[in-house]
Amino acid sequence: MINYNHIKITLLVALPVLAISGCSKGFLEIQPQGQLTATQALQDPNAANQLVGGVYNTLYFGGFGNTTVGFEWALLNDVASDDADKGSTPSDFSVGGAGDIDNFTADPNNGIFNNIWNGHYLGIARANNAIDILNNSTFEATTKNRLLGEVRFLRGLYYFNLVRAFGGVPKVIRVPQPSEVNSDEFQTRATAADIYTVIIGDLQFAADNLPVKGDAATQPGRATKGAAQSFLAKVYLYQKNWQKVFDLTQAVINSNSYSLVPDYSLIFREKPVNGVGGNNNSESIFEVQTGINVGESAVSPLFSNGQGVRGKGGWNDLGFGFNDPTADLVNSYEPGDTRKNATIIFINPTVAGNSPGTVLWDGFRIPSQDSVENPRYNYKAYHSNIAESAQLTNNKDTKPKNIRLMRYAEVLLMYAEAAAMLNNAGEATTKLNMVRARANLPASIGTQANVWKERRVELAMEQDRFFDLVRQGRAGTVLRAHGKAFKDSKNELFPIPQAQIALSGTKPRLAQNPGY
């Protein structure tokens, strides 16, 4: 593993004003151990590889601040859906934070939106800078294109997040000159269709130029051909291009690079058990790396601790207690589904004659319901203080928890949905039941409706449900039935952050989404 944290890129990184106002120069620099210059990256593939590592570093933005796929991204997706409530103490981070997102009362001044916007554009800016240098590099073409593929994969991923969250956003796909930063090109919104064109172009280039998993040129945490194909299939899923979804997921399946982890509960562990599960397991297509192989400030702040069990005092609690699974999610599991207890920590009451509380997989005991804030917590985010790697700093928020962004099970379900829509019921049923069999469930028919049900319980608490409901066209119906104040033709998108609108000029040039 490359220690991405110990790379300093001494290059001018030009960013759009809307992305960096209020950010210090120090935030943009990684703690130095040596210097990397543009000239080195142009000529030396090892230096260029470190340049690309600096782009991967943006995956670790998280906590309360500029974020990409960390804690606040989890809040935005899960809490807005019917899978999770805000959780924690009722008043904590409620008004102006996750509580308003939960209730669909958030306005453009909510800081979560601005943090997600800033974090993604900082990542895009680093990607653009790396692409500019790599395009002008003079070393061997295959290596050059592989590195370009990795960077364009990340840029495509970031724009996919932005377009799903906000709709059309500024299209920043090159490094602007200082005199251009405030130009209309970088301060006005492109259409969602234009952004999807950028995403497809980036991910297709990555799919064409990245090696398959297991190739000598790959390493854990780096994008592969299968990762690019999988995310590209997901992009086409949102566009209802079923043939593209089918072809791309079929290619991933036929690569024989991935397989389902037999025991669902071991997918999200740090370490395998008897060779099964753990980080970067057989099912992992793309996951964010943390822990000792990356460096302490590369740990995604708050991702695990922010979702951990919150105590009422008198014992060593595990976290802040946000993003708690709902009773509705609990009831969505069929009897006997082994995924339920692997996804949700159920806080048990004290029962006379029995040991009180809940015992987790590592033997840690959580006291009974009267000692914690909420009745349920996200098991997938749990990182053990006693059976897994210790936090890398004195800050308990920085637990080294890998974040799974794409798993083989989702590829199988995308394939099944596409097959169902292409009237290939046999293939839809086969792939759907591969996922169900692992969960100890009987066979089911591969209809689109059944795939949708399976997606919910298979991918629960993995930051997918809200956007899934939106792309399925039933967000309003489902979320209003859950008691949320969802308004059609408004809440399918989140508001453009007011801070970014203010930065775009007096017109303002950055138009707000309808209804906000």
Side-chain angles (χ1 to χ4, degrees), residues 149 152-153 156-157 159-161 163-164 192-193 195-214 223-260 282-286 404-439 441 443-459 462 464-465 467-474:
R152 292 187 65 175
F153 169 85
L157 170 62
Y159 267 123
F160 187 41
N161 285 350
V163 76
R164 288 185 293 167
I195 298 301
Y196 269 110
T197 298
V198 172
I199 297 166
I200 290 170
D202 280 347
L203 294 179
Q204 185 62 62
F205 182 90
D208 291 340
N209 289 281
L210 291 178
V212 298
K213 181 179 180 179
T224 62
K225 185 181 190 70
Q229 290 172 322
S230 299
F231 275 99
L232 186 55
K234 192 163 184 174
V235 169
Y236 283 122
L237 187 75
Y238 277 70
Q239 297 190 328
K240 296 180 173 59
N241 189 331
W242 304 115
Q243 190 61 55
K244 286 285 191 180
V245 177
F246 185 88
D247 292 342
L248 285 160
T249 52
Q250 185 179 58
V252 176
I253 293 166
N254 289 345
S255 73
N256 296 316
S257 298
Y258 310 95
S259 62
L260 295 176
S282 65
E283 189 167 335
S284 175
I285 293 181
F286 190 69
R404 280 71 172 172
L405 297 183
M406 178 65 69
R407 295 191 287 111
Y408 185 55
E410 183 170 7
V411 169
L412 293 173
L413 292 175
M414 287 192 289
Y415 179 95
E417 185 171 349
M421 299 307 292
L422 294 171
N423 298 313
N424 191 342
E427 278 297 289
T429 297
T430 297
K431 298 304 187 289
L432 172 65
N433 287 325
M434 287 175 64
V435 177
R436 288 178 60 81
R438 196 245 311 259
L441 294 177
S444 180
I445 299 172
T447 65
Q448 185 184 55
N450 284 342
V451 173
W452 286 355
K453 290 178 182 178
E454 206 66 35
R455 282 186 66 89
R456 184 184 189 187
V457 290
E458 176 66 33
L459 304 174
E462 294 183 52
D464 185 77
R465 174 67 171 172
F467 291 143
D468 226 13
L469 288 172
V470 170
R471 67 103 180 165
Q472 292 165 4
R474 58 196 188 108

Side-chain contact test, heavy atoms from C-beta onward, threshold under 4.5 Å: evaluate it for [X] versus [Y] and give yes or no.
{"X": "Y236", "Y": "I200", "answer": "yes"}
{"X": "L412", "Y": "L260", "answer": "yes"}
{"X": "I253", "Y": "Y258", "answer": "no"}
{"X": "Q204", "Y": "L232", "answer": "yes"}
{"X": "N433", "Y": "S444", "answer": "yes"}
{"X": "L459", "Y": "R407", "answer": "yes"}

Do you know which two heavy atoms are closest between [X] and [Y], and how far apart they sit?
{"X": "S257", "Y": "K213", "result": "O-CD, 3.8 Å"}
{"X": "V245", "Y": "A233", "result": "CG2-O, 3.5 Å"}
{"X": "T429", "Y": "G446", "result": "OG1-N, 2.8 Å"}
{"X": "L210", "Y": "G149", "result": "CD2-C, 3.8 Å"}
{"X": "T447", "Y": "A420", "result": "C-CB, 4.2 Å"}
{"X": "A206", "Y": "F153", "result": "CB-CB, 4.0 Å"}

TODO: Would you check, one step at a time, whether the test salt bridge (Lys or Arg N to Asp or Glu O under 4.0 Å) holds for E458 with R436?
DONE: CA-CA 9 Å; E458 176 66 33; R436 288 178 60 81; over 6 Å; no
Task: Verdict with reasoning, D464 to K234, per salt bridge (Lys or Arg N to Asp or Glu O under 4.0 Å) - done: CA-CA 11 Å; D464 185 77; K234 192 163 184 174; 2.7 Å; yes
Task: Salt bridge present between E283 and R404 (N-O < 4.0 angstrom) - done: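 Between R404 and E283 there is no salt bridge, as every charged N stays at least 4.0 Å from the carboxylate O atoms.
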Open item on the list: Would you say CG of L422 has more than 12 non-hydrogen atoms from neighbouring residues, nucleotides or ligands within 6.0 angstrom?
Closed with: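 Yes, CG of L422 has more than 12 neighbouring heavy atoms, counting only those of other groups under 6.0 Å.
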Open item on the list: Regarding D247 and Q243, do their side chains bring together a donor and an acceptor under 3.5 Å, going by distance alone?
Closed with: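 D247 vs Q243: donor-acceptor pair found between side chains.
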Would you give the length of the straight line joining atom [atom1] of [X] to atom [atom2] of [Y], rounded to the nearest 0.5 angstrom?
{"X": "W242", "Y": "Q448", "atom1": "CH2", "atom2": "CD", "value": "5.0 Å"}
{"X": "E410", "Y": "E454", "atom1": "CD", "atom2": "CD", "value": "13.0 Å"}
{"X": "Q239", "Y": "Y196", "atom1": "CD", "atom2": "OH", "value": "6.5 Å"}
{"X": "L248", "Y": "L237", "atom1": "CG", "atom2": "CG", "value": "11.0 Å"}
{"X": "T249", "Y": "L413", "atom1": "OG1", "atom2": "CG", "value": "10.5 Å"}

Open item on the list: Please check this pair: side chain of K225 against backbone of P211, looking for a donor-acceptor N/O pair closer than 3.5 Å.
Closed with: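 A pair under 3.5 Å: no.
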Task: Ring geometry between F231 and F286 (parallel below 30°, tilted from 30 to 60°, perpendicular above 60°) - done: perpendicular
TODO: Could you give me the CA-CA distance, side-chain angles and deciding distance for F160 and Y238, then say whether ring-ring contact (aromatic ring centres under 6.0 Å, His included) is met?
DONE: CA-CA 10 Å; F160 187 41; Y238 277 70; 5.3 Å; yes
Open item on the list: Going by salt bridge (charged side-chain N to carboxylate O under 4.0 Å, His left out), name the pairs with one or both residues in residues 411-433, residues two or more places apart or in two chains.
Closed with: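 For residues 411-433, and leaving out neighbouring residues, the salt bridge (charged side-chain N to carboxylate O under 4.0 Å, His left out) pairs sorted by first residue read E417-R471, E427-K431.
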Task: Worked verdict on R465 versus R455 for side-chain contact (heavy atoms from CB on, under 4.5 Å) - done: CA-CA 8 Å; R465 174 67 171 172; R455 282 186 66 89; over 6 Å; no
